[in-house]
Amino acid sequence: MSTKPPLTWQKSSYSSEASSCVYLAATPDATLRLRESDEPAVVLHTDRAALAALIAVVKKDATKT
């Protein structure tokens, strides 16, 4: 039986204090977990390259508005 260490979740600095906060946690195998405060049981799994690509697209689209 293997036991996994608990994840250490970090809140995004862009999240407000109220709700809809985004949290990120790194795992021992170098993958990342993302969750949103309103649905903490729903966890997305990704890697650093995919997350960096997503952030780049979001930033690019944000400058268009």
Side-chain angles (χ1 to χ4, degrees):
M1 181 173 144
S2 69
T3 59
K4 296 179 183 178
L7 295 175
T8 302
W9 293 96
Q10 178 181 352
K11 185 170 81 164
S12 167
S13 60
Y14 289 98
S15 294
S16 66
E17 292 297 322
S19 63
S20 300
C21 298
V22 175
Y23 290 85
L24 175 74
T27 65
D29 67 357
T31 59
L32 301 172
R33 304 292 186 259
L34 296 162
R35 70 179 186 191
E36 200 266 329
S37 60
D38 291 339
E39 301 256 358
V42 177
V43 178
L44 302 176
H45 301 225
T46 190
D47 61 32
R48 293 179 188 274
L51 181 58
L54 173 64
I55 291 170
V57 168
V58 170
K59 284 183 176 181
K60 183 178 176 183
D61 286 348
T63 61
K64 291 180 182 180
T65 58

Colleague: Given Val58, which partner from the list Leu54, Ile55, Asp61 fulfils the side chain to side chain contact (heavy atoms under 4.5 Å, CB included) test?
Modeller: Leu54
Colleague: Scan residues 26-35 for pairs that pass side-chain hydrogen bond (donor to acceptor under 3.5 Å, both in side chains), counting only residues two or more places apart or in two chains.
Modeller: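 Applying side-chain hydrogen bond (donor to acceptor under 3.5 Å, both in side chains) to every pair that reaches into residues 26-35, excluding sequence neighbours, yields Thr27-Asp29, Thr27-Thr31, Asp29-Thr31, Thr31-Arg33, Arg33-His45.
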Colleague: What residues form a side-chain contact (heavy atoms from CB on, under 4.5 Å) with Leu32, not counting sequence neighbours?
Modeller: Leu24, Ala26, Thr46, Arg48, Leu51
Colleague: Apart from Tyr23 itself, which Ile, Leu, Val, Met, Phe, Trp or Tyr residues share its cluster (side-chain heavy atoms under 4.5 Å, direct or through members)?
Modeller: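 Grouped by the 4.5 Å side-chain rule, Leu7, Trp9, Val43 form the rest of the cluster around Tyr23.
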